[in-house]
Protein chains: 2
Amino acid sequence: MDTNGLPGNVLDPNCPSRVIFQRIGDKWASLVIQVLGDGPVRFSELRKMVHVVTPKVLTQTLRALERDGLITRTVHAQVPPRVDYELTPMGESLLQPLTLLRQWAESHVPTILEARDTYDEAQDDLLLGSPN
Amino acid sequence: MDTNGLPGNVLDPNCPSRVIFQRIGDKWASLVIQVLGDGPVRFSELRKMVHVVTPKVLTQTLRALERDGLITRTVHAQVPPRVDYELTPMGESLLQPLTLLRQWAESHVPTILEARDTYDEAQDDLLLGSPN
DNA sequence: GCTATCAGTATCAAATAGATACCTTCGTGT
DNA sequence: ACACGAAGGTATCTATTTGATACTGATAGC
């Protein structure tokens, strides 16, 4: 009963597509992929561009993306070390849907901020006892 | 200049678009929105459809989505209570980019699972001392 | 031999998610 | 009259994740 004729259902917790869907939506993973969209970037550069992420978490994110075949990790044998991260073709194919989502987010910022204000005011009124 | 002519930059932690981008990518929020794509759904139905989510976390998710103006919460005064959640027009506008992402995930499941196997085997070899 | 660079680990504290039990209201069954 | 069940949550406690901070190891330059 899925909506697009493909196997897989993100609503089924046993379906790998759900795991993958959630990896994409990961707080840092999606940002990293978008940064890598412009070409290979080394670890320390990534840290600066996707600020503020701690090295531990960035490493975890990168390892997970590498494991899933979305990025490659290239170690250059030099001192100090240089490690480049780069999108694989599959990683690049993710760029477009991710960009659409980012554009959606950016274009709806004002509306959402407004909705929050309205909501928060209503909550305040409830707490204070609204003047009804 | 950013890549789409809009203000906002998801890479800037001070930019609200980043917060919003990450709310969309939230583990449960994106699933809830896709479920609501077919029309209003009540709390207990949501729990069943997006299984397995605990009531506390589902409530948190729904409140956050409501606050951001992506869904509405309608309480019907009856016993036992009935509460319907429904997408707002803005919530509906998110459906399409989200669907693209889901389709991407579903169509890349086999490739990603394969990449994982390859990666994990390579890791095992490292640990065991590869037969070289 | 002191210092800096880079790509990370290690360690510990804080925030978040999850499991489980419980609450409220009222109609129905006994 | 009394308990029960339904729906939509909350309260409480624990487990997992995240994050802050300090540190490592190799080497080149001073």
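All chains are named by letter (A, B, ...) in the order of the sequence lines, taking the proteins before the strands, and each is independently numbered beginning at 1. Computed from a prediction, not measured in an experiment: that's the story for all the values here.
A donor-acceptor pair under 3.5 Å is absent between the side-chain atoms of B/Ser30 and the main chain of B/Gly25, judged by distance alone. Counting only distance, with no hydrogens or angles, the side chain of B/Thr88 and the backbone of B/Gly69 share a donor-acceptor pair below 3.5 Å. Not one N or O on the side chain of A/Asp68 forms a donor-acceptor pair closer than 3.5 Å with the backbone of A/Leu70. Looking only at distances, a side-chain donor or acceptor of B/His51 sits under 3.5 Å from a matching main-chain atom of B/Lys48.
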### Message
As a quick check of understanding, evaluate side chain to side chain contact (heavy atoms under 4.5 Å, CB included) for B/Val35 and B/Leu31, giving each step before the final call.
### Response
CA-CA 6 Å; B/Val35 167; B/Leu31 295 180; 5.6 Å; no
Between B/Glu45 and B/Arg42, is the salt bridge (charged side-chain N to carboxylate O under 4.0 Å, His left out) condition met? List the steps. CA-CA 5 Å; B/Glu45 285 302 308; B/Arg42 57 196 303 185; over 6 Å; no
List the steps, then state whether salt bridge (charged side-chain N to carboxylate O under 4.0 Å, His left out) holds for A/Asp12 with A/Arg18.
CA-CA 7 Å; A/Asp12 178 357; A/Arg18 171 143 160 187; over 6 Å; no
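Here the C1' atom of nucleotide C/dA4 and the CZ atom of A/Arg82 are 18 Å apart, to the nearest Å. The interatomic distance linking A/Leu58 (CG) with C/dA7 (C1') rounds to 10 Å, in whole Å. Taking atom NZ of residue B/Lys56 and atom P of nucleotide C/dA19, one finds them 10 Å apart after rounding to whole Å.
A heavy-atom distance below 4.5 Å is not found between the side chains of A/Thr72 and A/Asp84. B/Val83 places none of its side-chain heavy atoms less than 4.5 Å from the side chain of B/His76. With contacts defined as side-chain heavy-atom distances shorter than 4.5 Å, the pair B/Leu36/B/Leu46 qualifies.
Mapping B/Arg47 and A/Val52 onto DNA chain D by nearest heavy atom places B/Arg47 closer to the 5' end of the strand.
Here the range on DNA chain D touched by chain A, meaning any atom under 4.0 Å from one of its heavy atoms, is D/dT18 to D/dT27.
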Do any N or O atoms of the protein come closer than 3.5 Å to N or O atoms of nucleotides 24-28 of chain C, and which pairs are they?
none

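Within 4.0 Å (heavy atoms only), A/Lys27 reaches sugar-phosphate atoms of the nucleic acid but no base atom.
Heavy-atom distances under 4.0 Å link DNA chain C to A/Thr59, A/Arg63 of residues 59-72 of chain A, given in residue order.
The side chain of B/Trp28 contributes no N or O atom lying less than 4.0 Å from OP1 or OP2 of C/dT16.
Note on B/Tyr119 and A/Val19: separate hydrophobic clusters, where clusters join Ile, Leu, Val, Met, Phe, Trp and Tyr whose side-chain heavy atoms are under 4.5 Å apart, directly or indirectly.
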